[in-house]
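First the structure, in the form of structure tokens, and then the observations on it.
Convention: sequence-line order gives letters A, B, ...; per-chain numbering from 1.
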Protein chains: 2
Amino acid sequence: MKNSNFDYMNCSLAQTLSVIGEHWSLLIIRDVFMGLRRFSEFQKDLGIAKNILSERLKRLVAEGILEKTKGEAGFSEYRLTEKGLALQPVLLSMTHWGDQYKPAKKGKRLVFVDRASGKPIQRMAVRSHDGRKLHAKEVKAKRGSGYASERLDVPLAE
Amino acid sequence: MKNSNFDYMNCSLAQTLSVIGEHWSLLIIRDVFMGLRRFSEFQKDLGIAKNILSERLKRLVAEGILEKTKGEAGFSEYRLTEKGLALQPVLLSMTHWGDQYKPAKKGKRLVFVDRASGKPIQRMAVRSHDGRKLHAKEVKAKRGSGYASERLDVPLAE
DNA sequence: CAGTATCCTACGTGATACTG
DNA sequence: CAGTATCACGTAGGATACTG
């Protein structure tokens with residue numbers, strides 16, 4: 001790839017990929033969602049080289065997805081910002097897809113529950129304005145005001 | 001990375017990343033969602049090298065995400081299988097995040113609508129069993145029956 | 001503990017030429 | 001049109017040693 005990011009593409013998906021679409025970033029973010037906070041925890045959990053981890057954390061902080069603070073014990077800690085927390089639908093959509101199409105033999109590896117009720121959350125789904133679940137083929141894309149390229153104007157999943 | 005995939009990790013997210021977590025795959029899938037079907041269309045739209053595109057398409061077909069058929073004109077066509085269509089929540093979650101945090105100057109690049117009503121779909125959101133939208137911090141992870149590693153057992157976004 | 005600094009290797013990628 | 005076959009390159013990534 002020319003410059004290893006997709007900024008030049010006028011596409012929100014590509015924009016997102018330029019930030020998190022790289023081998024380690026999403027896994028680090030997942031770890032933070034799972035409650036890991038410290039450099040050594042990420043390193044142990046992921047088996048990632050320290051120089052790479054250092055670089056990735058720096059990048060995620062620079063992107064405003066993580067924030068670095070000093071923990072009680074005086075060690076550095078990384079936590080999700082709101083921008084980072086907003087990635088949860090992405091993580092859960094991917095996890096649900098993996099649950100369905102790349103399942104573990106014995107059942108789901110993780111179950112996500114509503115902290116208040118303890119009941120599992122719904123599967124991530126696309127919903128119409130009035131809340132009905134939509135199948136992929138019921139959705140189509142239209143140009144928005146920010147649409148800038150000469151990309152083919154074809155309906156989504158026609 | 002040792003083997004460029006994450007199969008060794010007991011994690012549905014990592015499983016999903018091993019299939020689509022690579023620079024071009026998701027963008028190809030997006031193109032198919034947008035209605036592109038042919039090798040030359042992908043190549044032109046993405047500016048990807050032909051050998052790479054060939055390899056990626058082969059992989060996506062092998063994974064059961066795309067299926068290759070002969071179109072009317074005798075040319076090869078690629079279409080999404082149900083497994084591929086099931087990735088729509090992933091794509092839309094990423095797109096919505098990009099819309100919010102990496103916006104185009106003039107507004108949304110694409111708007112996704114319910115084909116029947118023409119009205120925009122809802123933003124992708126995590127929902128409780130009874131349909132309430134949940135904030136990231138209201139969700140926590142619990143071990144499922146397929147949980148197999150000695151990973152730290154920490155709550156999600158505690 | 002939480003990194004930084006090097007070195008080295010392998011793989012993803014791009015460019016180009018060729019084929020059925 | 002839809003690929004395949006090579007080659008050449010850059011950089012992400014791993015390993016290791018070192019530091020505040």
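- Relative to the side chain of B/S40, the nucleotides C/dG12, C/dA2, D/dC1 differ in distance, and D/dC1 lies closest.
- Here the P atom of nucleotide C/dT13 and the NE2 atom of B/H23 are 5 Å apart, to the nearest Å.
- Ion pairing between A/E55 and A/K50 fails under the 4.0 Å rule for side-chain N and carboxylate O.
- Ion pairing of A/E22 with A/R59 is absent here, as no side-chain N (NZ or NE/NH1/NH2) approaches a carboxylate O to less than 4.0 Å.
- Closest to the side chain of B/I48, from the set D/dA2, C/dG14, D/dA15, is C/dG14.
- Among the heavy atoms of the strands lying under 4.0 Å from B/E22 are primed sugar atoms or P, OP1, OP2 only; no base atom is included.
- Candidate nucleotides C/dC1, C/dT4, C/dG12 were compared by shortest atom distance to the side chain of B/R56, and C/dG12 ranks first.
- At the heavy-atom level, B/K68 lies under 4.0 Å from the strands shown only through sugar-phosphate atoms.
- One cannot find a donor-acceptor pair under 3.5 Å joining the base of C/dT13 and the side-chain atoms of B/N51.
- For B/F75, the side-chain atoms get nearest to D/dC1 when compared with the rest of D/dG3, D/dC1, C/dA2.
- Taking atom CD1 of residue A/I52 and atom C1' of nucleotide D/dT11, one finds them 10 Å apart after rounding to whole Å.
- Panel note: side chain A/E67, backbone A/Y78; no donor-acceptor pair is recorded below 3.5 Å.
- D/dG20: Watson-Crick or G-U partner is C/dC1, with both key distances under 3.5 Å.
- Look at A/R132 and B/D114 and you find a salt bridge, because one of the NZ, NE, NH1 or NH2 atoms lies within 4.0 Å of a carboxylate O, short of that distance.
- As rounded to whole Å, 18 Å separates atom P of D/dA12 from atom CG of A/L46.
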* To do: Please report the C-alpha distance between A/H96 and A/Q122 in whole Å, then the side-chain angles of each, then the deciding distance to 0.1 Å, and finally whether the side chain to side chain donor-acceptor pair (under 3.5 Å) criterion is met.
  => CA-CA 10 Å; A/H96 287 164; A/Q122 293 185 11; over 6 Å; no
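- One finds no side-chain N or O of A/S54 lying less than 4.0 angstrom from the OP1 or OP2 phosphate oxygen of C/dG3.
- The separation between B/E77 atom CD and D/dA2 atom C1' is 13 Å, rounded to whole Å.
- Summarising the geometry, the separation between CG on B/L53 and P on D/dA2 is reported as 10 Å, rounded to the nearest angstrom.
- Checking C/dA15, C/dG3, D/dA2 against the side-chain heavy atoms of B/A49 singles out C/dA15 as nearest.
- Heavy atoms of A/F42 sit nowhere under 4.0 angstrom from any nucleic acid atom.
- Taking atom CZ of residue A/R38 and atom C1' of nucleotide C/dG3, one finds them 13 Å apart after rounding to whole Å.
- Aromatic ring pairs are classed by plane angle as parallel below 30°, tilted from 30° to 60° and perpendicular above 60°; the pair B/H23 and A/H23 is tilted.
- One interatomic measurement links the two molecules: CZ of B/F39 to P of C/dG20, which rounds to 17 Å at whole-angstrom precision.
- Residue contacts shown for B/K58 are limited to sugar-phosphate atoms, with no base heavy atom under 4.0 Å away.
- Applying the 4.0 Å criterion to OP1 and OP2 of C/dA2, one finds that A/S76 has every side-chain N and O outside that range.
- Put simply, NZ on B/K44 is 15 Å from C1' on D/dC1, counting in whole angstrom units.
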